[in-house]
S.K.: 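Here's a structure for you.
Computed over heavy atoms, backbone and side chain alike; hydrogens, waters and symmetry mates excluded. To find a chain, count down the sequence lines: A is the first, B the second, and so on, and within it residues start at 1.
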There are 2 protein chains.
Amino acid sequence: MQMDDMILVSIDDHIIEPPDMYENHVPAKWADKAPKVVRNAQGVDEWVFGGEATSTRFGMAATVGWPAEEWGFDPGTYSELRPGCFDVHQRVRDMDANGIHASMNFPTMAGFNARTFTEAGDKEVALIMLRAYNDWAIDEWAGSYPGRFIPQGIVPMWDVDLAVEEVNRLAAKGCRSISFLETPHVQGFESFLSGYWDPMLAAMCDHNIILSLHIGGGFDVIQRPKEAPVDHLMVLACQISAITAQDLLFGPTLRRFPDLKVALSEGGIGWIPFYFDRIDRHVQNQAWLHERDDFGGKLPSEVFREHILACYITDPSGLLLRDRIGIDIIAWECDYPHTDTTWPNSPEQAWGELQDAGCSDEEIHKITWQNATRFFDWDPFKHVKREDATVGALRARSTDVDVTRMPKADWKARNEAAGIGVFS
Amino acid sequence: MQMDDMILVSIDDHIIEPPDMYENHVPAKWADKAPKVVRNAQGVDEWVFGGEATSTRFGMAATVGWPAEEWGFDPGTYSELRPGCFDVHQRVRDMDANGIHASMNFPTMAGFNARTFTEAGDKEVALIMLRAYNDWAIDEWAGSYPGRFIPQGIVPMWDVDLAVEEVNRLAAKGCRSISFLETPHVQGFESFLSGYWDPMLAAMCDHNIILSLHIGGGFDVIQRPKEAPVDHLMVLACQISAITAQDLLFGPTLRRFPDLKVALSEGGIGWIPFYFDRIDRHVQNQAWLHERDDFGGKLPSEVFREHILACYITDPSGLLLRDRIGIDIIAWECDYPHTDTTWPNSPEQAWGELQDAGCSDEEIHKITWQNATRFFDWDPFKHVKREDATVGALRARSTDVDVTRMPKADWKARNEAAGIGVFS
């Protein structure tokens, strides 16, 4: 097996939703209530919804085209972005150039957990727009390229009954995942332990839909010093996946839902062997706490492995201990177009790490596509032949894609001259 | 090398301070103000200070003598405890029976970070009692057995100038460590990043005294769901050592104090390879954040290794990746008399794990005593010959120590009949 023989399925990438996303998905009656992109007085493209600029801007979320010195939280314009951020046709070409066969995408303007709609005052309108988002993401974005995207949606977090309805509606569309919030109690919602979300989790189990908990949403679970630099957020985000796992494992959630599957998106894998050592010793050593036998006669690490997919971008130490994690629960990801992405050198980066860790060909296939597609119950070769899905095949047909990083000003000049990213 | 050839120096054990600890260390004028143990109406021995029961009770902190079914947070009486918890002569025999040559002890009634005195209303009295605690811990407890205890003290956290004075006073006594608070900002103090503690840290550097940050004190840095079981606290406590390291590394503290040394007591080691992967990639990838060159041209993992001692009780995954952590910064510990202790089988447990990880004899010596004694700048063989400090030698002279666990009621009956643990 060579690098070009790999098949890469990334279960964590991001869409910068294009300004015209609502056009085909909002009933005429509500069209003028749809979120709109407006270029403000400072020259920044903002999503305006319900008369106010939303709190989700792309800033740091779309740096893939720029040199690192230009990264930052300042929002800008669509025209400054690499078009693959928001244009599905360019996105697929960017995937090809990076040897990525398939991808699952998280929202940006909508928020990982529908935050934009949850924060809105008019919940009737918010629900219509949330559904429009889902219809666009699944039918239009993913639907444009069958076999290239694992469909994912979001649910109205402000009402669990509406969330159940939306899960059922999305299941009928072939949706495979719901992007939710890793530690809901931190943002004022009921916790996973409370039981409040159980009807939604039950609906997800009914349809074998995966609960995807991306890092970042729960960051406030850690009380940072007021002087902490922005690095804290970036470095410690993965520690929160351990906290999330703890909430699920040591609460009743996984006990109540033996079929529930949870992806810890971008959570990394290197913390898991240490966490397993600790929880397995804990329940054996602190026997006085576990007379209830919360884990059904199993070790908590075994229960974790039955329910959870652990996802990483780059994780050399974790790969060395893959046997202690469980080779069947590890999935690679790309994180396009965020700062941590390995695009356009994902094959080189992934292959190098897998080789350094001494992975066999079988292990490489598990990590790069088999575990993810089995877990998400999504057939990677339904629409694309396997031999057309390899790194080598995808790159061979996309040699014309220019992967050079350019300053924002150059992107803006080039894109605006071509009418790209200009929507007013 | 065989198990019996090991030398064990544990830099994390605990004292349950005996009721008579203040007798020899409080000036006569203040004697009636000293904390006192009172058996309350429920039959529980409580420390009373300033007219109120203090918030630090031993409950879970002294379970070493009991079967696991009897562990719990309920406080009890001194007479229910294994006497090695509070009697230094019995402690040394318990160390012998467990093959432990030397130990560093953290406070219980005083709090890891002098909490009992910091919470007191009368700070003049509090300071006198805090100094009495230190004098007792260093001169009387550790002083009773030269060469068997690494002396450690606490500082008045309510006033950094007083803390500096106490560091200087303790240094003159040969104190090697200050037990402080891992995330001070969480308990209403200034953070490490604030600069407030700098004069104290400077004094510690002047005397080459180590900052020991034990897990647990900062647990509220994580916002738990209100339904979280007690397991959360026990399982996640080590995750906070990563947060503590982050505060120190990505704040100015280690930059300002190139000589500062920090022990992450009971923090575990298995999280470190993952954390190193993440911080090293972070500063290389997020170059826009690090124009200041916060790490002096080094990788953050290198700076961590220059300053920090990583301490573990049992950590099989971490030991497998010892090369990625740094073989010179790992130290073993025993945690007597807490629930996580491996007493009385620490040699078997430690040796088994070190062998399973394939450690060489040289690596075993580094981990079990050399790293700790170098880091704390404490000569382990000044008072005891090396050949008398091995597991085999210590156990050979303590074959009469009964290490059987017994129900609390049996301890109480036996101890009270012998006048042990009865102080009213």
S.K.: Sort out for me which residue in B:L193, B:I243, B:V186, B:T183 forms a side chain to side chain contact (heavy atoms under 4.5 Å, CB included) with A:P225.
M.R.: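 Exactly one candidate clears the test, B:L193.
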
S.K.: What do the steps show when you test B:Q286 against A:W71 for side chain to side chain contact (heavy atoms under 4.5 Å, CB included), and what is the final call?
M.R.: CA-CA 8 Å; B:Q286 307 282 349; A:W71 299 356; 3.4 Å; yes

S.K.: So which part of A:I272 gets closer than 4.5 Å to some heavy atom of chain B, the side chain, the backbone, both or neither?
M.R.: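 Neither part.
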
S.K.: Name the region of B:R281, side chain, backbone, both or neither, that has any atom closer than 4.5 Å to a heavy atom of chain A.
M.R.: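 Just the side chain, heavy atoms under 4.5 Å.
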
S.K.: Could you check whether any side-chain heavy atom of A:P252 comes within less than 4.5 Å of a side-chain heavy atom of B:E227, counting everything from C-beta outward?
M.R.: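 Contact flag for A:P252/B:E227 side chains = no.
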
S.K.: For B:T314, which atoms come within 4.5 Å of any heavy atom of chain A: side chain, backbone, both, or neither?
M.R.: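 Side chain of B:T314 only, per the 4.5 Å heavy-atom cut-off to chain A.
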
S.K.: Let me know if B:Y275 has heavy atoms under 4.5 Å from chain A in its side chain, its backbone, both or neither.
M.R.: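 Looking at B:Y275, just its side chain touches chain A.
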
S.K.: Less than 4.5 Å apart, any side-chain heavy atom of A:F274 and any of B:W271?
M.R.: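 Yes, at least one pair of side-chain atoms sits under 4.5 Å.
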
S.K.: Which residue out of B:G72, B:G251, B:P67 racks up the most heavy-atom pairs below 4.5 Å with chain A?
M.R.: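 Counting heavy-atom pairs under 4.5 Å, the top option is B:G72.
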
S.K.: So for B:E190, is it side chain, backbone, both, or neither that comes closer than 4.5 Å to the heavy atoms of chain A?
M.R.: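 It is the side chain, since no backbone atom gets that close.
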
S.K.: I'd like to know if the side chain of A:R278 and the backbone of B:M234 have a donor-acceptor N/O pair within less than 3.5 Å.
M.R.: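 It does hold such a pair.
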
S.K.: Please round to the nearest 0.5 Å and tell me the distance separating atom CG of A:N285 and atom OG1 of B:T341.
M.R.: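 Between A:N285 CG and B:T341 OG1, I get 9.5 Å after rounding to 0.5 Å.
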
S.K.: State whether the side chain of B:H185 and the backbone N or O of A:Q223 hold a donor-acceptor pair below 3.5 Å, judged by distance alone.
M.R.: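 Between the backbone of A:Q223 and the side chain of B:H185 there is a qualifying donor-acceptor contact (under 3.5 Å).
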
S.K.: Could you grab the distance from atom NE2 of B:H232 to atom CD of A:Q246, nearest 0.5 Å is fine?
M.R.: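 One finds 4.5 Å between NE2 of B:H232 and CD of A:Q246.
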
S.K.: What part of A:I222 lies closer than 4.5 angstrom to a heavy atom of chain B: side chain, backbone, both or neither?
M.R.: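 Both parts, backbone and side chain.
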
S.K.: For the interface with chain B, which of A:G218, A:G268, A:S194 has the highest count of heavy-atom pairs at distances below 4.5 Å?
M.R.: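 Option with the greatest count: A:S194.
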
S.K.: Would B:H282 and A:D340 satisfy side chain to side chain donor-acceptor pair (under 3.5 Å), going step by step from the backbone distance to the final call?
M.R.: CA-CA 9 Å; B:H282 172 75; A:D340 273 336; over 6 Å; no

S.K.: Please look at B:L321 and chain A and tell me whether the side chain, the backbone, both or neither of the residue comes under 4.5 angstrom of a heavy atom of that chain.
M.R.: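 Just the side chain, heavy atoms under 4.5 Å.
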
S.K.: Against chain A, work out which of B:A242, B:C238, B:A228 has the most heavy-atom pairs shorter than 4.5 Å and name it.
M.R.: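 Most pairs with chain A among the choices: B:C238.
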
S.K.: Would you say the side-chain atoms of B:D231 pair up with the backbone N or O of A:F250, donor to acceptor, closer than 3.5 Å?
M.R.: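 Flag not set: sc B:D231 to bb A:F250 has no pair under 3.5 Å.
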
S.K.: Drop me the distance from B:S317's OG to A:D323's CG, to the nearest 0.5 angstrom.
M.R.: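 Here the rounded value is 11.0 Å.
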
S.K.: Can you tell me how far apart NZ (B:K226) and OG (A:S191) are? Round to the nearest 0.5 Å.
M.R.: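 The NZ atom of B:K226 sits 6.0 Å away from the OG atom of A:S191.
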
S.K.: Between B:I240 and chain A, which part of the residue has a heavy atom less than 4.5 Å away: side chain, backbone, both or neither?
M.R.: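 For B:I240, there is no contact with chain A at all, as no heavy atom is under 4.5 Å.
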
S.K.: Would you indicate whether A:K408, at its atom NZ, is surrounded by more than 12 heavy atoms from other residues, nucleotides or ligands within a distance under 6.0 Å?
M.R.: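 More than 12 heavy atoms, drawn from other residues, nucleotides or ligands, come within 6.0 Å of this atom.
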
S.K.: At a heavy-atom separation under 4.5 Å, does A:V230 approach chain B through its side chain, its backbone, both, or neither?
M.R.: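 Looking at A:V230, just its side chain touches chain B.
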
S.K.: Of the backbone (N, CA, C, O) and the side chain (C-beta and beyond), which part of B:D277 lies under 4.5 Å from a heavy atom of chain A, both, or neither?
M.R.: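 Contact with chain A is through the side chain of B:D277 alone.
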
S.K.: Among B:L320, B:T63, B:I279, B:D247, who wins on heavy-atom pairs under 4.5 Å with chain A?
M.R.: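 The residue among B:L320, B:T63, B:I279, B:D247 with the greatest pair count is B:D247.
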
